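All remarks here apply to the structure that follows.
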2 protein chains.
Amino acid sequence: MDRLETRELAYFLAVAEELHFGRAAARLGIAQPALSRSVARLERRLGVGLFERTSRSVALTPSGRALVEDARYALDAVSAAAHRAQRAGAVEPRLVLAIKVGGDGGRLPDLLAAYQREPDVLPVHVIFAADRCASLRDGRADAALLYDPIDDLRGFDTQPLLTDPPVAVLPTAHPLADRTGIRMDELRGETVHRRDDNVVGSIDELMHRIALGQLVAVLPRSLTVPLRADLAAVPVTDAAPLTLVLAWPGYSTAPSVAALARAAESVHRAGPEPGTAGPPIR
Amino acid sequence: MDRLETRELAYFLAVAEELHFGRAAARLGIAQPALSRSVARLERRLGVGLFERTSRSVALTPSGRALVEDARYALDAVSAAAHRAQRAGAVEPRLVLAIKVGGDGGRLPDLLAAYQREPDVLPVHVIFAADRCASLRDGRADAALLYDPIDDLRGFDTQPLLTDPPVAVLPTAHPLADRTGIRMDELRGETVHRRDDNVVGSIDELMHRIALGQLVAVLPRSLTVPLRADLAAVPVTDAAPLTLVLAWPGYSTAPSVAALARAAESVHRAGPEPGTAGPPIR
DNA sequence: CCGATCCATGCCTCCAGGGTATCGATCGGC
DNA sequence: GCCGATCGATACCCTGGAGGCATGGATCGG
């Protein structure tokens with residue numbers, strides 16, 4: 001069997017996500033028969049069936065289920081190779097760091113300052129990306145600030161920056177808003193913000209939606225200072241602490257990324273600067 | 001720019017490794033003009049030059065250098081997707097664990113026994129692969145027993161199993177053979193076995209070559225018990241301890257791999273079984 | 001100055017991949 | 001139970017890209 005082509009994997013993924021050849025073909029901008037043939041060819045080359053088809057339904061086989069996440073990962077790796085090669089060829093190469101607006105826990109200035117003291121540094125370009133994990137996986141970013149265990153860190157190397165107790169953010173009108181501590185099970189019945197709801201592009205937007213009563217959220221404490229007047233922050237007593245980490249692809253060998261990791265380690269060792277318990281610096 | 005195809009990346013890698021279009025084309029089994037065109041097309045699509053060519057020499061540009069390792073990684077990810085999908089479709093799916101002959105530090109029986117007590121287990125198929133890292137990266141194996149820091153663990157998640165002091169293995173006739181401890185710098189001038197010399201397929205073969213005086217090696221102590229009569233093991237006082245780890249791809253989500261990781265953790269917690277300081281069990 | 005080396009270019013061939021039309025199977029509605 | 005709608009597979013054709021061969025053009029050694 002010779003090597004799979006990325007087009008075949010992308011076509012497979014589209015069908016696996018739609019579970020419908022017609023819709024998948026429309027999404028890919030090709031006709032349905034071409035897609036059917038391409039997937040059939042992929043199955044023939046692999047020697048295993050990926051879908052159980054009838055004329056009324058399409059379902060993944062065990063092989064197909066296994067391939068979904070591996071295919072996504074492989075396609076991201078190919079995209080990452082292309083993106084990074086393009087960036088390396090730019091007139092002025094940069095190190096791209098992805099953060100969410102307001103999601104730096106106030107440590108970004110320290111991190112960048114420490115980075116500038118390292119050898120092998122490039123100019124840092126900070127991008128504000130709603131989905132920093134995706135930016136990191138497909139190579140649009142070289143590193144990102146993520147939260148463990150909120151974000152999916154599999155496949156990344158990480159360096160902790162700041163560990164924060166979890167607090168629930170509620171509208172002031174909420175019955176639990178003036179408690180001094182709550183347990184996660186007391187939030188049963190609420191719409192709790194989860195990592196999968198990546199519809200929320202920024203912390204400010206999330207806060208706005210909480211104030212509107214659309215949902216509540218459990219966040220690291222540093223993200224809740226300062227807090228809007230119409231919101232309350234209540235410590236959660238039984239949730240794991242949330243750690244802000246610098247993350248980068250585990251296979252990365254770029255010296256500039258290694259320098260950023262060393263900088264993050266030194267910032268973490270220095271700990272929260274005393275006397276600056278105030279608002280996070282943007 | 002649309003997505004790169006794996007063929008283009010493979011062609012690029014061949015040229016990057018040979019730095020010669022003719023030889024690379026021969027290795028790929030195609031004619032040189034086809035390869036020249038394919039690489040030129042890749043450069044056009046990326047929008048960056050990958051090689052500096054004259055009619056007498058071929059050299060990588062900065063972009064090209066950056067792409068080499070990312071391309072290797074991406075191609076491995078594609079191969080891994082194919083291999084794992086094929087295995088998942090086998091009549092009896094198995095979990096493939098790669099070890100080097102004799103390279104299990106005697107912990108493999110405990111590990112397999114602990115694994116059988118986990119839920120979600122598959123039958124384990126142990127393969128003996130000279131290059132376990134490559135097997136793991138391209139999906140021929142689901143997990144492997146590796147040594148930190150001898151093997152390249154980037155991109156893998158790991159669970160320590162056993163930490164061992166480093167010892168130098170020398171022919172008994174060697175001037176340092178009857179010392180009670182040596183420093184790494186005293187091995188200057190010797191041919192020391194390194195991770196890159198993956199020509200050595202097994203521990204027994206390595207021992208044989210040491211006895212022949214071809215090289216010496218620094219190994220974890222557990223690999224040197226029992227030792228051939230014509231070899232001596234001398235503790236190295238200034239090298240980092242060597243840790244036998246279970247490694248698996250960092251992005252893996254298979255429940256059977258997670259079960260193996262939990263089993264490895266319990267074996268590690270249990271520590272070396274007392275009274276079995278003897279030979280490693282094969 | 002000439003031959004050897006080596007990458008690029010021109011030109012031809014062929015087939016993989018895409019399009020349109022249609023078949024065949026299945027399911028819901030009447 | 002029949003009929004139309006839905007949806008994947010198949011048949012057939014066409015185009016573009018990938019590969020082969022021949023050759024050009026540049027560079028270096030002698």
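Everything numeric in this text was worked out from a predicted model, so none of it was measured. Just so we're on the same page: letters track the sequence lines, and every chain starts at 1.
Sequence order on DNA chain D of the closest nucleotides to B:P33 and B:S38 puts B:S38 first from the 5' end.
The distance between atom CD1 of B:I30 and atom C1' of D:dA18, rounded to the nearest whole Å, is 9 Å. The interatomic distance linking B:R23 (CZ) with C:dC6 (P) rounds to 7 Å, in whole Å. In this structure, the CZ atom of B:R44 is 10 Å from the P atom of C:dT9, given to the nearest Å. If you measure from atom CD of A:E8 to atom P of C:dA16, you get 12 Å, rounded to the nearest angstrom. To the nearest angstrom, P of D:dA9 lies 7 Å from CD of A:Q32.
Using a 4.0 Å cut-off, no side-chain N or O of B:R41 falls inside it from OP1 or OP2 of D:dG17. Phosphate proximity of C:dA8 to B:S36: present, with a side-chain N or O under 4.0 Å from OP1 or OP2. Contact between the side-chain N/O atoms of B:R56 and the OP1/OP2 oxygens of C:dC7 is not found at any separation under 4.0 Å. Not one side-chain nitrogen or oxygen of A:R53 sits closer than 4.0 Å to the OP1 or OP2 atom of D:dC7.
Contacts of A:A31 with the nucleic acid, taken as non-hydrogen atoms under 4.0 Å apart, include base atoms. Residue A:Y11 is classed as a sugar-phosphate contact, given heavy-atom separations below 4.0 Å to backbone atoms only. Residue-level contact check: A:R37 touches the bases, meaning some heavy atom is under 4.0 Å from a base atom.
The residue from A:L95, A:D142, A:V121 that alone fulfils the side-chain contact (heavy atoms from CB on, under 4.5 Å) condition with A:S256 is A:L95.
Shown here for B:T158 and B:A247, the closest heavy-atom pair between the two residues is CG2-CB, 4.0 Å.
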